[in-house]
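Okay, structure first, notes after.
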Amino acid sequence: MGDTTGGTEQRPGFPTSGPAAQVAIDDFVPEWREIIETAPDVSGSPVLEAPVRYDHEGTACEGYLAWKPAYTHKPRPAVMLVHDWMGVGPNIRARAVMAARLGYLAFAPDVYGAGVRPRNAQDASAQAAGFYADLDLFRGRLQAGLDWLSAQPGVHGARIAAAGYCFGGTGVLELARTGADLRGVAPIHGRLLPHDPSDADRIRAAVLILAGGDDPVCPDQDVLAVVNELRDAGVDWELDMYGGAPHAYTIAGAPSFRAEADRRTWLSLTDFLSRVL
């Protein structure tokens, strides 16, 4: 985080667990800096960031909040951005800063719990596996984050959407299947899990699926099965697939990164957000 701005006036009603700080884009690696700066900055005010503590059934969680103070004079639409299997770290922080630059209040909930930050892919796989094996826990952990977000006075509680990357992409669609009060959800190269029997009729949100055309984690048969669930349930859905894009194609600096597919994905996501929020 950058230098602390200090003072409670920088926290517009949010019970953050640390002082607000101005985002220092130079703290990100060059690959992420380049991508962050493609997001238009809708005002001259800085983006602030702060950690956020909340609880889920006795588990302390620490998420990440990014916002522009210039827009906190009235409740704002919010975007909940769910991390990949590496937890709350630079990848999801970068996307939250990009959303905040557009004027949204951006919140990255913590699925794993405070202090649980995988150091490598092996650690991440082990952490993620527990939630894939217990979808009720996965859904509940995300609902706890949504409950915190929707309760904040700076948030327009009826105008919240959720997007997630990889592991988080799985999560946002699972959360939507509970009937969560969301305007839209966007799984981004997430592992899509068909349900039989289907519970897609509980989804209240519009759904935008953004997927790599060459993603073995989300094979075509799973995409089609989930789309058929959404179609049969009468959900407002759309699907964008990017030819040649593998799994995790939006993760800057990774071998899987595909710049053009990432660029088009962000454009599709922000267009979707502008429509549902």
Side-chain angles (χ1 to χ4, degrees), residues 54 56-57 59 61 63 78-88 91-92 95 107-113 116 118 124-150 160-212 215 217-219 221-240 247-248 250 269 272-273 276:
Y54 58 98
H56 174 241
E57 297 182 349
T59 296
C61 300
V79 182
M80 192 167 84
L81 293 157
V82 185
H83 60 77
D84 57 34
W85 71 350
M86 295 303 293
V88 179
N91 296 343
I92 204 64
R95 298 299 180 180
F107 173 58
D110 177 15
V111 178
Y112 293 155
V116 181
S125 178
Q127 288 295 331
F131 290 90
Y132 284 127
D134 187 346
L135 293 180
D136 287 339
L137 175 61
F138 201 172
R139 293 174 172 191
R141 193 63 55 86
L142 288 173
Q143 184 64 53
L146 178 59
D147 289 344
W148 180 89
L149 180 61
S150 61
I160 300 175
Y165 292 81
C166 299
F167 169 77
T170 304
V172 296
L173 190 54
E174 289 301 318
L175 177 61
R177 288 177 181 273
T178 69
D181 189 8
L182 292 162
R183 287 282 190 92
V185 296
I188 301 167
H189 50 73
R191 177 181 166 193
L192 300 180
L193 303 177
H195 287 231
D196 186 12
S198 178
D199 51 5
D201 59 349
R202 301 181 65 188
I203 296 174
R204 300 163 62 188
V207 177
L208 169 65
I209 299 171
L210 297 156
D215 185 351
V217 175
C218 188
Q221 61 265 32
D222 287 351
V223 175
L224 180 59
V226 168
V227 164
N228 282 336
E229 283 189 78
L230 300 177
R231 180 185 291 118
D232 292 346
V235 174
D236 177 1
W237 66 273
E238 55 192 291
L239 167 66
D240 287 357
H247 187 61
T250 69
L269 176 62
F272 178 70
L273 294 176
V276 300

Might you point out which heavy atoms bring [X] and [Y] nearest each other, and give the distance in Å?
| X | Y | value |
| --- | --- | --- |
| Arg139 | Thr178 | CD-CG2, 3.4 Å |
| Val276 | Ala206 | CG1-CB, 4.1 Å |
| Ala200 | Val235 | O-CG2, 3.7 Å |
| Gln127 | Pro118 | CG-CG, 4.2 Å |
| Leu149 | Met80 | CD2-CB, 4.1 Å |
| Val172 | Gly164 | CG1-N, 3.8 Å |

What I'd like to find out is whether the side chain of [X] reaches to under 4.5 Å of the side chain of [Y], using heavy atoms alone.
| X | Y | result |
| --- | --- | --- |
| Ser150 | Ile160 | yes |
| Cys166 | His247 | yes |
| Pro109 | Leu146 | no |
| Leu224 | Gln221 | no |
| Arg141 | Thr59 | yes |
| Leu135 | Leu193 | yes |
| Leu175 | Val185 | no |
| Thr170 | Phe138 | yes |

Is there a donor-acceptor pair closer than 3.5 Å between any side-chain N or O of Tyr112 and the backbone N or O of Met86?
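Checking the backbone N and O of Met86 against the side chain of Tyr112, no donor-acceptor pair under 3.5 Å is found.
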
Is there a donor-acceptor pair under 3.5 Å between the side chain of Glu229 and the backbone N or O of His195?
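Here the side-chain-to-backbone pair exists.
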
CD of Glu57: more than 12 outside heavy atoms within 6.0 angstrom?
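Not more than 12 within 6.0 Å, no.
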
Could you check Val227 against Trp237 for side-chain contact (heavy atoms from CB on, under 4.5 Å), going step by step and ending with a plain yes or no?
CA-CA 8 Å; Val227 164; Trp237 66 273; 3.3 Å; yes

Where does the angle between the aromatic ring planes of Phe167 and His83 fall among parallel (under 30°), tilted (30 to 60°) and perpendicular (over 60°)?
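Because their plane-to-plane angle is under 30°, the rings of Phe167 and His83 count as parallel.
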
With a distance cut-off below 6.0 Å to the six-membered ring centre and an angular limit of 45° from the axis, does Arg191 pair with Tyr132 as a cation-pi contact?
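So Arg191 does make the cation-pi contact.
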
I would like to know whether His189 and Leu210 meet side-chain contact (heavy atoms from CB on, under 4.5 Å); could you show each step before the answer?
CA-CA 6 Å; His189 50 73; Leu210 297 156; over 6 Å; no

Can you list the steps and then say if Ile92 with Asp84 is a side-chain contact (heavy atoms from CB on, under 4.5 Å)?
CA-CA 8 Å; Ile92 204 64; Asp84 57 34; over 6 Å; no

